[in-house]
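Just so you know, these numbers use all the heavy atoms, side chains as well, and skip hydrogens, waters and symmetry mates. Note on naming: letters A, B, ... go to the chains in the order of the sequence lines (proteins, then strands), and numbering restarts at 1 for each one.
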There are 2 protein chains.
Amino acid sequence: MPRLDPSRRTTVTIYDIAKKLSISASTVSRALRNHPDIRPETVEAVKDMAKKLNYQPNTIAQSLRERRTKLLGVIVPEIQQHLYGSVLNGIEEVAFRKGYQVLVSKSGESYERELMQTYALSNQVDGVIACLSQHTHKIDHFRQLKNQGLPLVFFDRAPERLAAHRVLFDNEAGSFALTENLIRSGFTRIAYLSGPEQLAVCQERLSGYQKALERYNLPFDQDLVIHTGFGYQDGRIGFTRLMKLENRPDAIFAASDQIATAVVVEARRIDLEIPHHLGLVAFGSDPVHALLHPAITGLHPKGYEMGSTAAQLCIQEIEQAGKNKRFRTERLTTEIIIRHSSIKASGEDSVVSAYSRFHKRDGFGDEVIYMY
Amino acid sequence: MPRLDPSRRTTVTIYDIAKKLSISASTVSRALRNHPDIRPETVEAVKDMAKKLNYQPNTIAQSLRERRTKLLGVIVPEIQQHLYGSVLNGIEEVAFRKGYQVLVSKSGESYERELMQTYALSNQVDGVIACLSQHTHKIDHFRQLKNQGLPLVFFDRAPERLAAHRVLFDNEAGSFALTENLIRSGFTRIAYLSGPEQLAVCQERLSGYQKALERYNLPFDQDLVIHTGFGYQDGRIGFTRLMKLENRPDAIFAASDQIATAVVVEARRIDLEIPHHLGLVAFGSDPVHALLHPAITGLHPKGYEMGSTAAQLCIQEIEQAGKNKRFRTERLTTEIIIRHSSIKASGEDSVVSAYSRFHKRDGFGDEVIYMY
DNA sequence: ACCGATGTCGCAATCGCTTGCATAAAAAAG
DNA sequence: CTTTTTTATGCAAGCGATTGCGACATCGGT
């Protein structure tokens with residue numbers, strides 16, 4: 001097969017530069033990479049010609065040759081969710097700074113799709129950063145990535161037993177703080193509305209909730225614990241079930257932003273006033289919380305930090321392949337943001353200070369509002 | 001250079017399969033691709049062996065050979081913004097269905113970074129889908145992509161003169177509808193708070209705003225038109241300038257979600273009641289709008305559709321390279337969602353119907369609430 | 001039994017770039 | 001003025017997969 005007719009090719013290769021200068025392609029390659037063997041004048045000539053011809057190295061060829069792609073694969077349950085958006089942002093930022101690019105794919109909380117995405121990524125990225133889907137029950141696909149020698153980092157939701165880095169929130173501590181906040185405000189019958197029972201995050205949050213109850217000598221009532229999903233509809237369903245109870249809760253711990261939103265909307269619909277009739281805290285920090293009426297007490301999970309540390313760990317493992325075989329589990333702290341939804345009506349204004357703080361995140365007009 | 005020692009390689013290639021079966025790599029390749037020349041038994045043997053060895057084709061090598069990567073490059077101003085999140089979602093969905101993957105990079109509304117991202121993408125994707133940054137004043141970098149023969153599709157913000165597909169909102173119509181809504185509700189002194197003047201979207205929205213004023217015989221006051229940026233801080237600045245006017249506006253048209261949010265927060269701070277003292281409409285549909293108090297009248301820009309059609313156009317251009325040189329500009333309609341913020345206090349409840357509709361977007365628990 | 005048709009498969013080149021090794025020229029050393 | 005060293009460059013293989021073309025074998029036809 002003859003070499004592609006150069007006159008019909010649109011892209012410029014090192015061979016074009018070489019021909020123009022009557023030197024060899026190897027010299028061109030070395031010159032462009034500043035190899036010390038090449039005479040300075042030659043280097044200059046090559047670089048000039050490269051610029052003149054508008055040469056851009058073929059990344060694919062480099063990848064094949066060097067057996068690395070400078071690509072990070074990310075699998076995220078949903079792109080549009082606030083937390084995952086900020087995680088992506090954090091990943092992108094670090095990747096950009098380190099010269100990597102980000103291949104984003106979503107599982108849509110589906111195990112099957114996660115499988116496909118995993119395989120699709122496996123052969124074109126240098127490392128994978130993933131968050132388990134809600135319904136992932138087997139992790140052979142991730143095992144296989146590891147067997148292929150691919151660095152793998154999990155964030156937010158990670159499998160129990162798999163040798164990989166993890167970046168997780170301190171779910172238990174956060175959950176404890178939120179629950180404690182409700183208790184201190186005088187709520188005693190607090191329901192726990194959460195996602196799939198088998199997920200570690202749910203277990204951990206449940207545990208924090210339970211510990212807070214124990215700590216304050218409140219009884220634990222299994223009826224008040226509902227495991228559905230993290231979605232908006234799940235929240236509606238859970239809320240409805242709670243409202244059907246003979247002995248209704250006087251407050252709700254919502255394990256996700258969407259669940260909390262559902263509670264707000266549904267409570268409004270049946271004329272339950274928050275926080276007067278029903279206290280509410282949310283494990284999440286969708287900006288919407290700050291602006292709702294009443295504003296919702298929540299936990300700010302540092303998604304951006306989660307993404308950036310995950311990316312750092314991943315790139316680190318990629319670049320020092322072989323060394324340091326120990327896998328870390330980073331626990332990110334969360335910040336509780338106390339607003340009106342968890343404060344019993346009486347002392348409302350006295351407890352919540354009235355100022356708001358504006359926090360500029362990265363200088364690109366991407367501000368997040370924290371209200372205390 | 002000797003072929004890499006197969007015993008040290010972790011990945012399986014067609015050569016491994018070939019050796020095991022004592023046939024040639026070409027035959028393996030053909031068998032895997034169901035080439036008719038290969039005997040059925042051979043095909044079967046090859047496929048069995050491939051499965052047994054857990055063979056996965058090297059995507060990079062294929063890309064080099066076939067001169068295509070099955071990668072779509074996306075440049076987005078901000079990943080975390082609601083609109084762009086849904087656009088990404090739409091792109092990812094279509095890409096996945098058509099066997100492409102998505103390389104996401106963000107410009108952070110910075111021209112320089114957009115430049116870098118453009119070059120970084122140019123050599124490893126089959127097509128680019130981009131949204132101009134707020135500060136992009138030159139488009140030579142995109143021109144160059146075109147010169148390299150790369151399909152290019154713009155969404156939301158597109159350069160004026162460049163032969164490429166565009167997927168845009170019908171900004172003028174949407175703007176007109178929003179303004180009209182304020183006017184009909186009795187507001188007469190409506191300010192226009194928007195992004196950079198040079199952006200076409202801003203021009204178009206301004207035009208819709210002006211046409212609505214004309215249509216209802218309201219005077220146009222240049223003082224009420226403020227061009228800053230689309231961000232939250234920009235909104236604050238603009239709002240402050242408006243409030244310093246001798247003759248304050250009685251309503252505000254906010255050209256972005258963030259601007260609207262800023263107006264809500266700042267108005268609250270100076271005890272201006274919306275909509276009693278100040279009407280407000282927003283060009284955007286951040287879910288936050290529905291839940292704010294008062295709920296904000298806004299425009300639902302169909303981000304998901306924007307993303308999916310952009311991806312479709314892009315893939316189409318990739319796959320029928322050469323044919324059909326005409327470039328389309330798709331104008332997506334927007335849906336106005338009337339809520340309380342644009343309704344003068346008096347007739348509030350009579351005008352806004354009290355039900356809400358839940359719209360399940362894609363079956364993955366990603367619901368968006370529309371409130372009318 | 002000879003010949004062309006048909007069916008299967010291998011050789012080798014190629015995508016664009018990198019790099020170990022050889023080589024030639026120039027410089028330094030003897 | 002040789003010999004050794006240094007400096008600068010070229011050759012060619014190889015990353016893994018694809019594919020035009022040729023090779024060989026089998027088979028039917030006459």
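With salt bridges taken as basic N to acidic carboxylate O contacts below 4.0 Å, one links A:E92 and B:R113.
The NE2-P distance, from A:H35 to C:dT19, rounds to 8 Å in whole Å. Rounded to an integer number of Å, the gap from CD of A:E66 to C1' of C:dC17 is 8 Å. For the pair B:E44 CD and C:dT8 C1', the computed distance is 17 Å after rounding to whole Å. Rounded to whole Å, atom P of C:dC17 lies 9 Å from atom CG of A:L32. Rounded to whole angstrom, the span from the CD1 atom of A:I14 across to the P atom of D:dG10 amounts to 12 Å. Distance, B:I38 CD1 to C:dT6 C1': 14 Å, rounded to whole Å. If you take CG of A:L21 and C1' of D:dT9, they are 13 Å apart, rounded to a whole angstrom. One can place CG of B:N58 at 5 Å from C1' of D:dG16, the figure rounded to the nearest angstrom.
Nearest to the side chain of B:R39, among C:dC17, C:dC9, C:dT19, sits C:dC9. Of the listed nucleotides (C:dG16, D:dT19, D:dA17), C:dG16 has the atom at the smallest distance from the side chain of A:T11. Between C:dG16, D:dA17, C:dC17, one nucleotide has an atom nearer to the side chain of B:R67 than all others, and that is C:dG16. Ranking D:dT9, D:dG16, C:dG16 by closeness to the A:T42 side chain, first place goes to D:dT9. When each of D:dG10, D:dA17, D:dC15 is scored by its nearest atom to the side-chain atoms of B:Y55, the top-ranked nucleotide is D:dA17.
Defined by atom type and a distance below 3.5 Å, a donor-acceptor pair is missing between the side-chain atoms of B:Q81 and B:E109. In this model, a donor atom of one side chain and an acceptor atom of the other lie less than 3.5 Å apart for B:Q144 and A:Q56.
In B:E160, the CD atom is not crowded: 12 or fewer heavy atoms of neighbouring residues, nucleotides or ligands sit closer than 6.0 Å. Residue B:K146 qualifies as enclosed at atom NZ: its count of foreign heavy atoms under 6.0 Å is above 12.
For A:S24 and D:dG10, the shortest distance from a side-chain N or O to OP1 or OP2 is below 4.0 Å. Close to D:dT9, at under 4.0 Å from its OP1 or OP2, lies no side-chain N or O of A:T27. Regarding contacts with the backbone of D:dC15, every side-chain N or O of A:R68 stays at 4.0 angstrom or more from both OP1 and OP2.
Sequence order on DNA chain C of the closest nucleotides to A:D37 and A:L64 puts A:L64 first from the 5' end.
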Contact list (N/O, under 3.5 angstrom) for nucleotides 26-28 of chain C vs protein:
none

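The closest side-chain heavy-atom distance from A:V76 to A:V87 is not below 4.5 Å.
Residue-to-nucleotide contacts include a donor-acceptor pair under 3.5 Å from the side chain of A:S26 to the base of D:dC11. Between the side chain of A:R30 and the base of D:dG10, a donor-acceptor pair under 3.5 Å is found.
Note: A:Y111 and A:H141 have perpendicular aromatic rings, judged against thresholds of 30 and 60 degrees for the angle between ring planes.
Remark: side-chain polar atoms of B:R157 are paired, donor with acceptor, to backbone N or O of B:L132 under 3.5 angstrom.
Within 4.0 Å (heavy atoms only), B:I23 reaches sugar-phosphate atoms of the nucleic acid but no base atom.
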